[in-house]
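See below for the structure under consideration.
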Amino acid sequence: MTSFQEIEIAIVGGGIVGLSVARTLQRLGISVICFEAATAGSGQSAGGSRIMRAAYSDPAMLWLAQKARKGWDQWEAEAGLDFIDRTGSFLIVENAEAERARLEGLKLKVRFVSEEEQRVLLPVREPWRAPVILEEEAGTIRAQASIAWLKSSLGAALLEHTPVLGLSQRARHVLVATRTAIFRARRVLVVAGMQTPVLGRAMGVSVPQVYSVHQRLLFPLKPGYRDRPMVSFRDKGDHRHGVLYTYGLPALHDDLFAVGLEPSDTDRTGGGDPDMVVEHTLALVEELLPGLETGGFRIESCVSTSLEHPQDGAPWESERLEVVRRGAVDFFAGGHLFKFAPALGEMLAGMVLGGDVPAMFQPE
Ligand SMILES: Cc1cc2nc3c(=O)[nH]c(=O)nc-3n(C[C@H](O)[C@H](O)[C@H](O)COP(=O)(O)OP(=O)(O)OC[C@H]3O[C@@H](n4cnc5c(N)ncnc54)[C@H](O)[C@@H]3O)c2cc1C
């Protein structure tokens with residue numbers, strides 16, 4: 001006779017999203033296990049920092065980011081830790097005045113910053129000659145610290161080094177197969193990052209998610225720039241070197257600053273040739289970021305998932321999130337999720353506890 005461990009909810013994937021959902025469920029007293037193939041936070045959620053911002057085009061995403069901001073406040077209060085450096089973030093776009101007015105109309109706190117203020121808020125970079133918008137309530141997330149806290153608060157509800165190998169729908173439950181055990185769960189949520197479509201395919205479900213890889217470089221800060229709070233930036237206005245946009249943010253560990261760029265490659269699949277990306281990033285840093293040491297940089301190859309929707313541009317520009325529901329299993333797909341984690345935890349937990357798929361996650 002086979003014995004199964006009974007659980008209410010199984011979460012597949014221990015990235016920031018899976019950990020957040022599992023924590024919400026655990027606090028509601030639900031029996032939940034979060035299965036993680038490697039160590040929690042070692043997938044796309046790895047690394048020191050992420051940009052927290054709300055300046056999205058889609059009002060639903062903006063709403064989600066604002067909901068998440070309150071969630072981060074709550075997490076910080078519960079943990080007694082600072083997860084966000086609330087320094088603000090710079091945005092540089094071609095139609096700056098129109099964008100500022102649009103964001104202000106959405107009730108975001110935004111304003112233009114002078115060259116002098118740019119030197120104070122982002123001392124490692126030469127001031128822009130173009131107008132710079134400051135999103136005042138944006139900031140930089142301490143990614144590692146937040147993962148570590150979620151992980152410790154989950155305790156035995158997180159099973160690391162336990163890949164889920166198969167999901168089988170039965171009349172009243174789903175069988176969750178790992179290498180050494182089979183669990184019987186009432187519902188399953190798959191938040192396995194780039195592996196989500198693979199798990200979907202094994203159940204005959206098509207999850208419309210793609211991924212791309214790009215390289216970003218981590219530069220040591222020169223002495224005099226260390227331990228100084230700094231804003232992040234997203235520059236969508238400088239298209240030299242075949243670049244679509246450039247971003248930079250303090251790595252918040254090891255006195256490093258990360259610079260990445262998205263090449264405007266013609267096939268629109270994201271990423272670009274790694275050697276060219278490194279070359280362009282170095283040229284850009286040498287020209288515009290004198291506060292960074294160009295010797296001794298580190299390369300970070302990053303995976304970014306997004307929904308596939310080739311009709312409206314490159315995957316990294318995607319602003320949609322989607323849940324594909326098959327019986328008692330929900331597959332969550334999308335990208336640029338870190339900032340949304342507390343809000344996603346709450347919404348996806350409500351969904352797996354018997355709610356409908358929230359309207360903003362339903363397929364178009
Ligand atoms: C370099 C970089 C910069 C980014 N910048 C930002 C930013 O500034 N702001 C922002 O909001 N977002 C940003 N993002 C995106 C954000 O980090 C990701 O969207 C987010 O971390 C994804 O979290 P996740 O939990 O969905 O996936 P992941 O972190 O990838 O977690 C999925 C987990 O599932 C596990 N897994 C896979 N298959 C199985 C299986 N069969 N069984 C069990 N476990 C499995 C994996 O091991 C992995 O740990 C950035 C991403 C990168 C890479």
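Along the sequence shown, the residues carry numbers beginning at 1. Counting convention: from 1, in listed order, for ligands and their atoms alike. Quick note: numbers below take in every heavy atom, side chains included, and nothing from hydrogens, waters or symmetry partners.
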Does the N or O separation between [X] and ligand 1 drop below 3.5 Å for any pair?
X    : answer
K339 : yes
A37  : yes
F338 : yes
A38  : no
L337 : yes
I16  : yes
I51  : yes
S304 : no
Y247 : no
Q44  : yes

Mark the output for G47 as yes if a heavy-atom distance to ligand 1 is under 4.0 Å, and as no if none is.
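Heavy atoms of G47 never come under 4.0 Å of ligand 1.
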Does atom NZ of K222 have more than 12 heavy-atom neighbours from other groups under 6.0 Å away?
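Counting other residues, nucleotides and ligands, NZ of K222 exceeds 12 neighbours.
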Within 6.0 Å of CG in N95, more than 12 heavy atoms from elsewhere
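Incorrect, the count does not exceed 12.
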Determine which pairs satisfy salt bridge (Lys or Arg N to Asp or Glu O under 4.0 Å) with at least one residue from residues 341-363, sequence neighbours left out, and list them in order.
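Residue pairs passing salt bridge (Lys or Arg N to Asp or Glu O under 4.0 Å), neighbours aside: K67-E346.
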Would you call R187 and D330 a salt bridge, using N to O less than 4.0 angstrom?
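A salt bridge is present here (some side-chain N lies under 4.0 Å from a carboxylate O).
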Is the closest basic N to carboxylate O distance between E97 and R100 below 4.0 Å?
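Answer for the salt bridge query: yes.
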With heavy atoms only and a cut-off of under 4.0 Å, state how [X] meets ligand 1: side chain, backbone, both or neither.
X    : value
E36  : both
L199 : side chain
E300 : neither
V303 : backbone

R111 and E117: salt bridge (charged side-chain N to carboxylate O under 4.0 Å, His left out), yes or no, with the steps?
CA-CA 12 Å; R111 62 182 172 83; E117 204 178 355; 2.8 Å; yes
Which of the ligand 1 atoms, numbered from 1, are nearer than 4.0 Å to a heavy atom of [X]:
X    : answer
Q195 : 37 (C), 38 (N)
P163 : 42 (N), 43 (C)
R216 : 1 (C), 3 (C)
V12  : 40 (C), 42 (N), 43 (C)

Would you please indicate yes or no on a ring centroid separation below 6.0 angstrom for F257 and Y225?
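Distance test on ring centres: not under 6.0 Å, no.
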Can you figure out which of A192, A143, G43 has its heavy atom closest to atom 32 (C) of ligand 1?
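Heavy atom nearest to atom 32 (C) of ligand 1 belongs to A192.
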Parallel, tilted or perpendicular: which describes the rings of W149 and F83, with under 30° parallel and over 60° perpendicular?
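Tilted, since the angle between the ring planes falls between 30° and 60°.
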Taking all atoms of both residues into account, what is the closest heavy-atom pair of [X] and [Y], and its distance?
X    : Y    : result
T294 : F219 : CA-CD2, 4.0 Å
Y247 : L261 : CE2-N, 4.2 Å
E8   : R186 : OE2-NE, 2.7 Å

Transitive ILVMFWY side-chain link V329 to F332, under 4.5 Å:
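No; F332 is not reachable from V329 via cluster members.
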Which heavy atom of the protein is the closest neighbour of atom 52 (C) of ligand 1, given with residue, atom name and distance?
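The closest heavy atom on the protein side is R50 NH2, 3.8 Å.
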